[in-house]
Number of protein chains: 2
Amino acid sequence: MARTAADTTDTTQPQGRIRRENVERILKAAERVFAEAGFAGATMADIAERAGLPKANLHYYFGTKDDLYRAVLDNILQMWLAPIGSFTPDADPAATLTAYVTAKMEASRTRPHASKVFANEILHGGTQVERFLAEDLKALVDAKAAVIDGWVAAGRMAPVDARQFLFMIWAVTQHYADFDVQIRKVLGRRTLTRQDFAAMTAEVLRLVLRAAGLPEAQIPEPQIADSETPTDSVLSNL
Amino acid sequence: MARTAADTTDTTQPQGRIRRENVERILKAAERVFAEAGFAGATMADIAERAGLPKANLHYYFGTKDDLYRAVLDNILQMWLAPIGSFTPDADPAATLTAYVTAKMEASRTRPHASKVFANEILHGGTQVERFLAEDLKALVDAKAAVIDGWVAAGRMAPVDARQFLFMIWAVTQHYADFDVQIRKVLGRRTLTRQDFAAMTAEVLRLVLRAAGLPEAQIPEPQIADSETPTDSVLSNL
DNA sequence: GTCTATAGCTCGATAGAC
DNA sequence: GTCTATCGAGCTATAGAC
């Protein structure tokens with residue numbers, strides 16, 4: 001008990017390395033299990049098994065199931081806001097939106113579990129992220145909406161309600177992570193490949209830029225190598 | 001036991017009316033509790049309390065928690081496909097899309113719990129709706145995508161990937177039900193009124209029609225009475 | 001057909017040996 | 001710092017009185 005506090009701060013010692021590795025393993029396993037089963041559906045035993053550790057160790061490192069869940073969420077929220085940083089008054093709207101949508105689609109491809117944990121949390125009331133939503137996220141949206149309003153006022157893009165335009169981008173890009181099962185079943189595919197995501201990203205960009213009244217010419221074509229996906233990208237699937 | 005089977009079919013008897021009413025109360029309560037807590041987080045006691053019935057009655061009518069959940073889902077899936085029916089080759093693209101988006105937004109406003117139950121099911125793997133997705137929904141999407149492809153080929157709307165265009169509409173419209181907590185917190189609002197939804201629907205329509213390359217002139221203005229929402233619709237919220 | 005009381009089980013959490 | 005063994009809360013489901 002006396003050592004626990006010391007180990008937490010003193011991460012330079014050999015024990016600190018093991019602690020950090022175990023914490024990392026547990027967080028990664030927890031993110032996946034919470035994504036697949038939700039908070040209530042996830043069990044500490046499932047998480048322990050996926051992390052390759054005894055159940056008691058989870059409680060040793062994180063105390064309660066609630067504490068572990070909050071740690072997973074904190075991890076996710078931290079990265080959630082990052083990619084929107086490039087919205088600045090002087091930036092080019094088409095280039096900025098292209099970069100942002102691409103980053104969001106890439107997040108849906110590489111960290112689908114994070115998106116699902118967040119979606120699940122919001123879906124069920126978001127009690128654990130109330131402050132994040134009402135303070136951090138609201139402040140960010142206010143700031144970025146002002147940038148978009150500026151672009152609209154300057155005639156650099158079509159008139160849009162800035163906040164709803166951001167909601168639309170979130171809804172569409174996160175949909176590819178959160179509803180992947182539906183997308184795969186409807187398209188008749190077992191998995192969505194990197195090439196599929198490149199094609200889907202290009203189409204999302206086309207729709208978003210058109211909705212923003214920006215010329216399609218500014219969209220970089222994805223250039224999918226035909227060698228890897230013989231003839232059928234997800235866009236010509238049937 | 002002998003009577004149970006009889007009652008199920010013979011709904012004209014006095015007992016049939018009580019049964020139907022109780023089943024209805026339970027389904028309605030269950031939809032709400034499953035939406036708020038997810039399948040695993042919902043308890044039969046919660047559902048019973050909200051339905052105003054003893055817990056044992058739920059098991060009398062529906063057997064197991066799984067059976068009740070499937071009944072709730074079946075209810076939802078049935079209405080899920082209805083509003084897309086008006087996609088026909090000869091229909092006007094702008095009018096059809098306007099009606100469809102409006103119907104989807106209206107569903108998000110009036111039956112948010114249904115949307116959340118479905119979202120939760122998909123989010124966690126969709127094992128209970130696999131056949132629905134791979135058969136009914138896929139067939140419907142194939143048919144409607146063909147209609148959209150026809151519109152595009154005839155030059156009646158801008159070129160889009162029909163399936164992804166449908167995904168975009170679903171993602172955006174359902175977002176207003178599934179992520180209502182986030183939307184409210186970011187906009188700094190306690191509730192979303194009917195007027196808010198009218199304004200949000202108009203903006204979604206504007207974005208969707210622009211993405212489809214259709215003239216905005218064809219969008220019916222929502223005409224929100226200023227008397228009820230003094231000056232600030234959700235679109236001029238800050 | 002309705003409801004109370006409870007059996008049986010799963011899971012979060014912890015005591016205590018190592 | 002690690003892990004096994006187990007306690008106890010809370011849940012689904014049902015038996016059995018009415």
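Protein chains get the first letters and strands the later ones, always in sequence-line order, with residue 1 at the start of each.
Rounded to whole Å, atom C1' of C:dT4 lies 15 Å from atom CG of B:L53. The separation between A:L58 atom CG and D:dT2 atom C1' is 13 Å, rounded to whole Å. Rounding to whole angstrom units, CZ of residue B:F62 and C1' of D:dT12 are separated by 16 Å. Nucleotide C:dC3 holds its C1' atom 15 Å from the CE atom of B:M44, rounded to whole Å. Look at CG on B:L68: it is 12 Å from C1' on D:dT12, rounded to the nearest Å. With rounding to whole Å, B:E49 atom CD is found 16 Å from C:dC3 atom C1'. Counting to the nearest Å, the C1' atom of C:dT2 and the CZ atom of B:R19 are 12 Å from each other. Distance NZ (B:K65) to P (C:dG8): 21 Å, rounded to an integer number of Å.
Checking D:dT12, C:dG12, C:dT2 against the side-chain heavy atoms of B:Y60 singles out C:dT2 as nearest. Picking from C:dA13, C:dT6, D:dC11 the nucleotide with the shortest atom distance to the side chain of B:K55 gives C:dT6. Nearest to the side chain of A:N57, among D:dT12, C:dT2, D:dC3, sits D:dC3. Here D:dT4 is the nucleotide among D:dT4, C:dC3, D:dA13 with the atom lying nearest to any side-chain atom of A:P54. Taking every side-chain heavy atom of B:T64 into account, D:dA13 is the closest of D:dA13, C:dG12, D:dT12. Each of C:dA13, C:dT2, C:dT14 was ranked by its minimum atom distance to the side chain of A:A56; first place goes to C:dT14.
Across all strands shown, A:A40 has no heavy atoms under 4.0 Å from either base or sugar-phosphate atoms. Residue contacts for A:D66: at a heavy-atom cut-off of 4.0 Å it reaches no nucleic acid atom on any strand shown. Residue contacts for A:N22: at a heavy-atom cut-off of 4.0 Å it reaches the sugar-phosphate backbone alone, with no base atom in range.
B:W170 meets the side-chain hydrogen bond (donor to acceptor under 3.5 Å, both in side chains) test with B:Y100; sequence neighbours excluded.
Heavy-atom neighbours of B:E21 CD from other residues, nucleotides or ligands within 6.0 Å: above the threshold of 12. Heavy-atom contacts from other residues, nucleotides or ligands closer than 6.0 Å to CZ of A:R70 number more than 12.
Distances shown here put a side-chain N or O of B:Y61 below 4.0 Å from the OP1 or OP2 atom of C:dT2. The phosphate of C:dT14 has neither OP1 nor OP2 within less than 4.0 Å of any side-chain N or O from A:H59.
Below 30°, between 30° and 60°, or above 60°: for B:F179 and A:F118 the angle between ring planes is between 30° and 60°, a tilted geometry.
For the pair A:K65 and A:F39, the distance from NZ or CZ to the six-membered ring centre is under 6.0 Å and the angle to the ring normal is within 45 degrees.
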